[in-house]
Amino acid sequence: MEETNKNVLGDCFTSAMALTESGVPHVPTRYILPPSQRPVLSPSIGTGSINLPVIDLSFLHDPLLRPSVIHEIEMACKEFGFFQVTNHGISSSVMRDALDAATRFFDLPSHEKMLLVSDDVHTPVRYGTSINHATDSVHYWRDFIKHYSHPLSKWINLWPSNPPCYKQKVGKYSEATHVLHKQLIEAISESLGLEKSYLQEEIEEGSQVMAVNCYPECPQPGIALGMPPHSDFSSLTILLQSSQGLQIKDKNNNWICVPYIEGALIVQLGDQVEVMSNGIYRSVVHRVTVNKDVNRLSFASLHSLPMNKKISPAPQLVNEDKPAAYGDFSFNDFLEYISRNDLTKQRFIDTVKKNKF
Ligand code: OGA
Ligand code: NI
């Protein structure tokens, strides 16, 4: 298998990390975005005028104060499909350890990482670069390792054995995000007027994909991106970042920089919640900028219903005035879609909408 990977992919695979380490003064042509898609990197953009929501979750566990937290969540979901959370129950040492394991993984020599390379989106553990280096028309300044993470015992043996601390440190963080996701989806169901337990069973048995991203220093951050505009297929994505770089699109189609807040985690609504809420909430469109000075790491934990379980608008949120605006879809349907289509050309959620105009 290793040989096959090398033969098929070895010649055309160059990681962003390898380019940075080689000291290239310019990004290769395949990374250069058309002018209309280039980011505006002025530090003032989005940081001054707009206050993105930061929600303290400690009161979620207090029956008297819970309703006010649910209200804050509802407002954030309606306005942005995005919020940051503090006092979320995941200790800073667990987060630091996960980032440390990721640093060590990406610092490994190329041949070690290439043991896990794959351009097949169905592979449960895979190392790669850009979105899909084999098919991308424009490349993105990102390397990643993605792995299935829930249930942990089913997948952990397939995770990287190097660095030796990886399984233990990233395993702990994965389990902690699974617990946090359950609490958040309960709160989000409640904020929509549904039972707290609306998706309980599906979430318990749900899938979790951990995308561990590395955005190395980039010589020309004004003409490249780490990830193109997209929304996640997940119910929710919980994101841990080592420094600033994420941007979200607001209702007026402006790109807003997400500030780095020490110890906080980012929560992004994905396509599954958009469908479940029958469009009351929208998945957030986001992209990643790169920079000249620091290597940025992130853990995007994409939680969803089980692989083949279809999500559809909650019956309680469908009525004569507001008919179902979406068909149903599963994580597996999403994988089939991305294996055949370029996500930068058409968003997956648009294919699920009933009224496509
Ligand atoms: C993703 C993603 C954002 C980031 O992996 O889907 O959007 O900041 N990541 O790395
Ligand atoms: Ni994303």
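In each ligand, atom 1 is the first atom listed, and ligand 1 is the first ligand listed. Predicted, not measured: the structure shown is a model, and the values here were computed from it. Heads up: numbering here begins at 1 and tracks the sequence.
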- Query: Would Ser207 and Ser304 count as having a side-chain donor-acceptor pair, cut-off 3.5 Å?
  - Reply: yes
- Task: Using a 4.0 Å heavy-atom cut-off, say whether Leu239 meets ligand 1 through its side chain, its backbone, both or neither.
- Result: side chain
- What about Phe331 and Phe233, are their ring centers closer than 6.0 Å? yes
- Polar-atom distance check: Asp232 versus ligand 1, any N or O pair below 3.5 Å? yes
- Taking the Ni ion (ligand 2) as the vertex, measure the angle between atom OD1 in Asp232 and atom NE2 in His286; round to 10°. 100°
- Task: Could you tell me whether Asp100 and Arg96 have a side-chain N and a carboxylate O separated by less than 4.0 Å?
- Result: no
- Relative to the heavy atoms of Asn213, which atoms of ligand 1 are at a distance of less than 4.0 Å? 5 (O), 9 (N), 10 (O)
- Short version for His230: what comes under 4.0 Å of ligand 1, heavy atoms counted, is side chain
- Note on the structure: At under 4.0 Å between heavy atoms, what of Tyr215 touches ligand 1? The answer is side chain
- Do NZ/NE/NH1/NH2 and the carboxylate oxygens of Glu205 and Lys309 come within less than 4.0 Å? no
- Ligand-residue contact atoms, ligand 1 with Ala300, heavy atoms, under 4.0 Å: 1 (C), 5 (O)
- atom 2 (C) of ligand 1 sits nearest the protein heavy atom Met227 SD, 3.4 Å
- Message: Can you tell whether the side chains of Arg30 and Asp136 come within less than 4.0 Å, N to carboxylate O?
- Response: no
- Message: Just to check, does Gln241 reach to within less than 4.0 Å of ligand 1 when the distance is taken from its heavy atoms?
- Response: no
- Task: Look at Asp350 together with Lys353 and state whether they make a salt bridge at an N to O cut-off of under 4.0 Å.
- Result: yes
- Note on the structure: The closest protein heavy-atom partner of atom 8 (O) of ligand 1 is Arg296 NH2, 2.9 Å
- Side-chain donor or acceptor of Trp155 paired with backbone N/O of His150 under 3.5 Å: yes
- Message: For atom 3 (C) of ligand 1, what's the nearest protein heavy-atom neighbour? Residue, atom name and distance, please.
- Response: Val288 CG2, 3.6 Å
- Message: Aromatic contact between Tyr337 and Phe329, with the criterion being ring centroids under 6.0 Å apart: yes or no?
- Response: no
- Look at ligand 1 and say whether Arg287 reaches it with a heavy atom at a distance under 4.0 Å. no
